[in-house]
Amino acid sequence: MAYKGRHINPRRFDRSQIKILLILLPLTAFMALPIVFIINHAFKPMDELFAFPPRFFVQNPTLENFTKLIKFSRNAGIPLSRYLFNSLLVTVITVVLALLLTTMSAFALSKIRFRGRDMMLKINQLAIMFVATAVLIPRYLVICRLGLIDTVWAHVLPLAAMPVSLFLVKQFVDQVPDSLIEAAYLDGATDFQVYLKVIIPIIKPAIATAMVLVFQQVWTNMETSSYFINDESMKTVTFYMNTLVNAANGVAGQGVAAAATLIMFIPNLLLFILCQSSVMNTMATSGIK
């Protein structure tokens, strides 16, 4: 047992780890190259953007690209801050609503028996196979019939239901012992109290992972701004940034496009760093089951 603990899972650095590091470090560096490049590219001045052969690292960093990005938004008549506010508002509302619906639905589909439960599970699994483009027309018809065009809810409602998140969270709820829930019912707890005080504390890692998935889906979404929003002041920063990137032709526009890409990438990176341990626990636990 001592031999196994020393060589397979050493508490300190061991020579047996060298061969693993020799494999993982080059792979890590290779996967980090695009991130390092886009960060450096966003801060390159004009002469380095035109340099040939292209330089990987920035020599004289500047904020000129970000300044141009802000000026472009002002010339369009709507400040960049307005797009950012719309994205933050839509993201917060959608993430909260999606997590609430996901956790409640997972609890009901896993631990409460009712007629039609199996059919709902099959519908959710079927929904995972459909891409957003396949249901674009039905979504538009629903949003239009509800009179939600050019409103915040046109951004929120199409993304509030996340079949993948529901499937993931339900797998965690399935692992909660039935005896624990029955004990709570014997103590006089209601369904909502069991959900709030028993289920939620146990499935926190799955909730964190679902939050990351929902956030990425909402933050990078362009569909709602493109098809459900006509008012320019109601569109999100993702739509504006992608429009800007498409309009930035030539080498001169690459710096502005890189600055826009960096702004869109940073929130995803920060959220993953904050929730990293919970996401890793989710992957490990789902593999054990």
Discussion item. Would you compute the distance between atom CG of Leu126 and atom CE of Met119 and round it to the nearest 0.5 angstrom?
Written reply: 10.5 Å
Discussion item. Tell me the closest heavy-atom pair linking Ala42 and Asn65, and the distance in Å.
Written reply: O-ND2, 2.7 Å
Practice prompt. I would like to know whether Phe167 and Leu109 meet side chain to side chain contact (heavy atoms under 4.5 Å, CB included); could you show each step before the answer?
Written response: CA-CA 10 Å; Phe167 179 80; Leu109 293 173; over 6 Å; no
Item to complete: Determine the minimum heavy-atom distance between Lys111 and Asp178, stating which atoms define it.
Response: NZ-OD1, 2.8 Å
Worksheet item: Are Leu168 and Leu213 close enough that some pair of their side-chain heavy atoms sits under 4.5 Å apart?
Response: yes
Worksheet item: Does Ser233 offer a backbone N or O that forms a donor-acceptor pair with the side chain of Asn86 under 3.5 Å?
Response: yes
Discussion item. I need the minimum non-hydrogen distance between Asp191 and Phe107, along with the two atoms involved.
Written reply: O-CE2, 3.6 Å
Worksheet item: Does Leu101 share a hydrophobic cluster with Val152, counting links as ILVMFWY side-chain heavy atoms below 4.5 Å and allowing steps through other members?
Response: yes
Worksheet item: Between atom CE of Met264 and atom OG1 of Thr236, what is the distance when rounded to the nearest 0.5 Å?
Response: 7.0 Å
Fill in: Main-chain N/O of Ser165 paired to Thr102 side chain as donor or acceptor, under 3.5 Å
no
Discussion item. I need the Arg82 CZ to Tyr240 OH distance, nearest 0.5 Å.
Written reply: 15.0 Å
Fill in: Shared hydrophobic cluster for Val36 and Leu24 (ILVMFWY, side-chain gaps under 4.5 Å)
no
Practice prompt. Quick one: pull up CG in Leu97 and CG in Leu159 and give me the separation to the nearest 0.5 Å.
Written response: 10.5 Å
Worksheet item: Leu270 and Val95: same hydrophobic cluster, using ILVMFWY side-chain contacts below 4.5 Å?
Response: yes
Worksheet item: Could you walk me through whether Leu89 and Ile93 pass the side chain to side chain contact (heavy atoms under 4.5 Å, CB included) check?
Response: CA-CA 6 Å; Leu89 179 64; Ile93 295 176; 3.8 Å; yes
Practice prompt. Could you state whether Ile200 and Leu166 fall into the same hydrophobic cluster, counting links through intermediate Ile, Leu, Val, Met, Phe, Trp or Tyr residues with side-chain heavy atoms under 4.5 angstrom apart?
Written response: yes
Worksheet item: Between Ser110 and Asp174, does any side-chain donor sit less than 3.5 Å from a side-chain acceptor?
Response: yes
Discussion item. Just so I know, are the side chains of Thr62 and Phe43 near enough to count as touching, which here means a heavy-atom distance under 4.5 Å?
Written reply: no
Practice prompt. State plainly whether the residues Arg139 and Glu223 are in salt-bridge range, i.e. N to O under 4.0 Å.
Written response: yes
Discussion item. Any donor-acceptor pair under 3.5 Å linking the side-chain atoms of Tyr195 with those of Thr103?
Written reply: yes
Discussion item. Can you confirm whether Leu88 sits close enough to Trp219 that some side-chain heavy atom of one is under 4.5 Å from a side-chain heavy atom of the other?
Written reply: yes
Worksheet entry | Heavy-atom closest contact (Ile229 atom, Thr151 atom, distance) | CD1-O, 3.6 Å
Discussion item. I want to check something: taking the side chain as every heavy atom from C-beta on, are Ile23 and Leu27 in contact at a cut-off of under 4.5 Å?
Written reply: yes
Worksheet item: Within a reach of under 6.0 Å around CZ of Phe30, are more than 12 heavy atoms found that belong to other residues, nucleotides or ligands?
Response: no
Worksheet item: To the nearest 0.5 Å, how far apart are CG in Asp231 and CG in Asp150?
Response: 5.5 Å
Worksheet item: So, does Asn40 use its side chain to make a donor-acceptor pair with the main chain of Val58 at under 3.5 Å?
Response: yes
Item to complete: Identify the heavy atoms of Phe228 and Ile149 that sit nearest to each other, and give their distance.
Response: O-CG2, 3.5 Å
Fill in: Beyond-backbone contact of Lys44 with Phe57, side-chain heavy atoms, under 4.5 angstrom
no
Worksheet item: Which heavy-atom pair separates His155 from Ser225 by the least distance, and what is that distance?
Response: CE1-OG, 3.2 Å
Practice prompt. Please examine the side chains of Trp153 and Leu146, heavy atoms only from C-beta on, and report whether any two atoms are closer than 4.5 Å.
Written response: no
Item to complete: Could you walk me through whether Tyr83 and Phe239 pass the ring-ring contact (aromatic ring centres under 6.0 Å, His included) test, one step at a time?
Response: CA-CA 9 Å; Tyr83 293 109; Phe239 177 85; 8.0 Å; no
Worksheet entry | Close side-chain approach of Thr190 and Tyr185, heavy atoms under 4.5 Å | no
Item to complete: Kindly indicate, with the supporting measurements, whether the criterion side chain to side chain contact (heavy atoms under 4.5 Å, CB included) is fulfilled by Arg145 and Tyr140.
Response: CA-CA 8 Å; Arg145 292 288 180 88; Tyr140 178 81; over 6 Å; no
Worksheet item: Considering only heavy atoms from C-beta outward, does the side chain of Phe192 approach that of Met104 to under 4.5 Å?
Response: yes
Worksheet item: Any chance the side chains of Thr220 and Thr238 put a donor and an acceptor closer than 3.5 Å?
Response: no
Worksheet entry | Donor + acceptor pair across side chains of Thr224, Asn221 (<3.5 Å) | yes
Worksheet entry | Linked, directly or transitively: Phe85 and Ile266 (ILVMFWY side chains, under 4.5 Å) | yes
Item to complete: Report the C-alpha distance between Val142 and Leu148 in whole Å, list the side-chain angles of each, state the deciding distance to 0.1 Å, and finish with yes or no for side chain to side chain contact (heavy atoms under 4.5 Å, CB included).
Response: CA-CA 9 Å; Val142 171; Leu148 299 178; over 6 Å; no
Fill in: Atom pair CD (Gln217) and OG1 (Thr94), whose distance is rounded to the nearest 0.5 Å
10.5 Å
